[in-house]
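Before any comments, here is the structure.
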Amino acid sequence: MKKSVIRAIQETLQREFVLEKPTNLSFGHYATPIAFSLAKELKKSPIAIAEEICAQFDLGDIFQEVTPIKGYINFKLSESFLDQYATWVIQNEALFGKDDQTETILLEYVSANPTGPLHIGHARGAVFGDALARIGKHLGYKITTEYYVNDAGNQVDLLGLSLYLSGREHILGLHVNWPEEFYRGEYIIDLAHVAKTELGSTIFEDEANIKMLSIWGKDKMLELIKSNLADVGIEFEQFVSEKSLYDKWDESFVKLQKNDKTYEEGAKIWIRSTELGDEKDRVVVREDGRPTYLAGDIIYHDNKFQRGYDRYINIWGADHHGYIARVKAAINFLGYDEQKLEVLLAQMVSLLKGGEPYKMSKRAGNFILMSDVVSEVGSDALRFVFLSKKSDTHLEFDVDVFKQEDSNNPIFYINYAHARINQIFSKAEKTLEDVQNITLENLSEEAHNLLFSALLLPEVLEDAFNSRQVQKLTEYLKNLAASLHKFYNENRVVGSADEEKFLKLFAVVALSLRVGLKLIGINAKDKM
RNA sequence: GCGCUCGUAGCUCAAUUGGAUAGAGCAACGGACUUCGGAUCCGUAGGUUGUAGGUUCGACUCCUUUCGAGCGCACCA
């Protein structure tokens, strides 16, 4: 729709221009502020220029009106243009909003340590990444989703130790001297009981079993994480193990060395990340020869770039923001274009319960489990809340508010609009086939604008994806639902002279809601 | 102390990325059918966009100042 409009305007203007949406639909469906930028050049007032330009326009099939308002040029689309598009959309629902982008993208997200279940902070990145993937794929991008499993570092050993000690205390009933650092969540005790069942309680009798427990526990935790994700309908296409890449270190290291981006000092190997804006050079190999976490990420990104995608998107927790510079530097040092890597940050989520703040601490174990929240508010509500806010700003929400399934929750409002349309169709005893070929003409201003709004979805999707701001889509869906409810309250449909026209109009609205919801991982309800 | 992110209605958040009168929901108050399901709609009230400057036709958006918040500042991941 937008493309046709741009083309039509281009023909008359014969120059570059900015196309935007007017603040008020009563002005028009699209607008351009071009008269302002021409004012200086032509030495005339924007108002006069806008008037002259409008006079030049041939309305053609597309436009119903081209009007100047305070220097802005406003375009109103014709009913027949919108109607043709509406008919096509109804007949091709699966193609609505599809685009033919060709870029290949590797999207990495969640990548939480396999040492415990997902908590509410992970959920935000998870839901955001999933929505981005769904929208991007709809637009034609070749997106591969990937989860990086940190199965190589200390934290896995710590998991084994925690399981071992927990088993000794809770299963063998022995006194345990807990070290300063260990995983203390209740899931550790649960897991120790599983270990007892699967491996026998003798496993807790010998320290030599810690190593084995850590590997066993890591696999169990990964399974748990996968099931946490499955509960909200998220499935990854690929899992990449940090450990499995470790023997490629030499290969990556040689590249860095060849480019003279590493040096040895104090028996450690450092990378010259300050050259590209990092605060300090970083150690990549310790004195004892063990590579650091950064080394793991260097190998991983080397591996990613070898796979030859056009673009790489990583969604990280905001606490990793200081890490971006060094990873980008490393990518550059390996000889790749670091511009291809885009790091999106998912900010912290502060959870409230009855107004009381919850402080989350990953190690201490008093964090909120994602699965708990999902079972309280449901996958749909969780998704919608998280996707309604910009991912990179702090978000606060109270679980209690989303416990009740009422109008406080916007997802119910949207579903209600969808279900309402469904109801009207059955009340009118009509089907889509009955109305899809009805011609939409002589519509009221409100109907005309509602039709336009419903057909706007493709542009919203494009905008949401390109700016990586999924809240544009949720905002759109809320607004469209609101327009529908408003229209419903002001117009009688069943039995009216315009019944069939309105039904066709509503069908497009429902379709737009349905497709939009689907792209954020929610199935629209036909009945409430 | 340094760096990153941010500060918008009482609360939770938007604002077409520099455009028109800064908008929604919740909370408050007042209204609307003999329901195409009121799980809806309409209205009222609420703002010097933290503060102080600057850039230009035009600033919530960009630059500078200052105050405040969160997160980082490992040879942990």
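Every chain is numbered from 1 and lettered A, B, ... according to where its sequence line falls, protein lines coming before strand lines.
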Nearest to the side chain of [X] - [options]?
{"X": "A/Glu242", "options": "B/C41, B/C73, B/A77", "result": "B/A77"}
{"X": "A/Lys472", "options": "B/G38, B/C13, B/A15", "result": "B/A15"}
{"X": "A/Gln155", "options": "B/A77, B/G3, B/G19", "result": "B/A77"}
{"X": "A/Gln347", "options": "B/G38, B/U5, B/A20", "result": "B/U5"}
{"X": "A/Asn489", "options": "B/G19, B/A14, B/C41", "result": "B/C41"}
{"X": "A/Asn113", "options": "B/A77, B/A20, B/A39", "result": "B/A77"}

Original post:
Checking A/Arg272 against A/Phe333: charged group under 6.0 Å from the ring centre and within 45 degrees of the axis?
Top reply: no
Original post:
When you measure from the centre of the six-membered ring of A/Phe465, is the NZ or CZ of A/Arg468 under 6.0 Å away and within 45° of the axis?
Top reply: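 Geometry flag: set, cation within 6.0 Å and 45°.
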**OP:** By nearest nucleotide on RNA chain B, pick out whichever of A/Leu19 and A/Thr393 is the more 5' one.
**Re:** A/Thr393
Original post:
Which residue lies toward the 5' end of RNA chain B, A/Lys427 or A/Asn154, if each is placed at its nearest nucleotide?
Top reply: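 Checking each residue's closest nucleotide, the 5'-ward one belongs to A/Lys427.
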May I ask you to say what [X] touches in the nucleic acid, namely base, sugar-phosphate or nothing, with a heavy-atom cut-off under 4.0 Å?
{"X": "A/Gln423", "answer": "base"}
{"X": "A/Tyr293", "answer": "base"}
{"X": "A/Ala417", "answer": "nothing"}
{"X": "A/Asp297", "answer": "nothing"}
{"X": "A/Ser467", "answer": "base"}
{"X": "A/Lys389", "answer": "sugar-phosphate"}
{"X": "A/Leu294", "answer": "nothing"}
{"X": "A/His321", "answer": "base"}

**OP:** Give the minimum heavy-atom separation between A/Leu432 and A/Ala507, together with the two atoms involved.
**Re:** CD1-CB, 3.4 Å
When you compare the side chains of [X] and [Y], does any donor N or O come within less than 3.5 Å of an acceptor on the partner?
{"X": "A/Asn449", "Y": "A/His29", "result": "yes"}
{"X": "A/His122", "Y": "A/Asn113", "result": "no"}
{"X": "A/Asn24", "Y": "A/Ser26", "result": "yes"}

Original post:
When you check the glycosidic angle of B/U49, does it come out syn, meaning within 90° of 0, or anti?
Top reply: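 Base orientation: anti.
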Only pairs with both distances under 3.5 Å count, Watson-Crick or wobble alike; so what is the partner of [N] in this structure?
{"N": "B/C6", "answer": "B/G68"}
{"N": "B/G23", "answer": "B/C13"}
{"N": "B/G46", "answer": "none"}
{"N": "B/C73", "answer": "B/G1"}

**OP:** Step through it carefully: locate the ring centre of A/Tyr147, locate the ring centre of A/Phe236, and say whether they are under 6.0 Å apart.
**Re:** yes
Subject >> Gap separating the NZ atom of A/Lys501 from the CG atom of A/Asp498, nearest 0.5 angstrom >> reply: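 Between atom NZ of A/Lys501 and atom CG of A/Asp498 there are 4.5 Å.
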If you measure from the [atom1] atom in [N] to the same atom in [M], how many Å do you get, rounded?
{"N": "B/G47", "M": "B/U21", "atom1": "C1'", "result": "13 Å"}
{"N": "B/A59", "M": "B/G54", "atom1": "C1'", "result": "11 Å"}
{"N": "B/C57", "M": "B/U44", "atom1": "C1'", "result": "36 Å"}
{"N": "B/U8", "M": "B/G70", "atom1": "P", "result": "14 Å"}
{"N": "B/A14", "M": "B/A52", "atom1": "C1'", "result": "27 Å"}
{"N": "B/C60", "M": "B/U51", "atom1": "C1'", "result": "15 Å"}
{"N": "B/U16", "M": "B/U34", "atom1": "C1'", "result": "45 Å"}
{"N": "B/C62", "M": "B/C6", "atom1": "P", "result": "9 Å"}

Determine: side-chain N/O of [X] to OP1/OP2 of [N], distance under 4.0 Å, yes or no.
{"X": "A/Lys390", "N": "B/C6", "result": "no"}
{"X": "A/Tyr323", "N": "B/C4", "result": "no"}
{"X": "A/Tyr476", "N": "B/A14", "result": "no"}
{"X": "A/Gln471", "N": "B/A15", "result": "yes"}
{"X": "A/Tyr413", "N": "B/G38", "result": "no"}
{"X": "A/Lys70", "N": "B/U21", "result": "yes"}

Subject >> Heavy atoms from other residues, nucleotides or ligands near CD of A/Glu429 exceed 12 (cutoff 6.0 Å) >> reply: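 12 or below, so no.
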**OP:** Examine the base of B/G72 for any acceptor or donor lying under 3.5 Å from a partner atom in the side chain of A/His320, and report the outcome as yes or no.
**Re:**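 Side chain to base: no pair present.
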Subject >> Polar pair under 3.5 Å, donor/acceptor by atom type, side chain A/Asn74, base B/A20 >> reply: yes
**OP:** Could you label the plane-to-plane angle of the A/Tyr148 and A/Tyr300 rings as parallel, tilted or perpendicular, counting under 30° as parallel and over 60° as perpendicular?
**Re:** parallel
Original post:
So, A/Tyr72 and B/A20: ring centres less than 5.5 Å apart, planes less than 30° off, yes or no?
Top reply: yes
**OP:** Going by the side-chain hydrogen bond (donor to acceptor under 3.5 Å, both in side chains) test, name the single residue among A/Arg514, A/Lys527, A/Lys525 that passes it with A/His418.
**Re:**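 For A/His418, the side-chain hydrogen bond (donor to acceptor under 3.5 Å, both in side chains) test succeeds with only one of A/Arg514, A/Lys527, A/Lys525, which is A/Arg514.
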**OP:** Using a 4.0 Å cut-off on protein heavy atoms (strictly under), produce a 5'-to-3' string for nucleotides 55-63 of chain B with B for base contact, S for backbone-only sugar-phosphate contact, and - for none.
**Re:** --B------
Whole angstroms only, please: what is the [atom1]-[atom2] distance between [X] and [N]?
{"X": "A/Arg420", "N": "B/U40", "atom1": "CZ", "atom2": "P", "answer": "8 Å"}
{"X": "A/Asp392", "N": "B/G70", "atom1": "CG", "atom2": "P", "answer": "18 Å"}
{"X": "A/Lys478", "N": "B/A14", "atom1": "NZ", "atom2": "P", "answer": "9 Å"}
{"X": "A/Lys486", "N": "B/G23", "atom1": "NZ", "atom2": "C1'", "answer": "15 Å"}

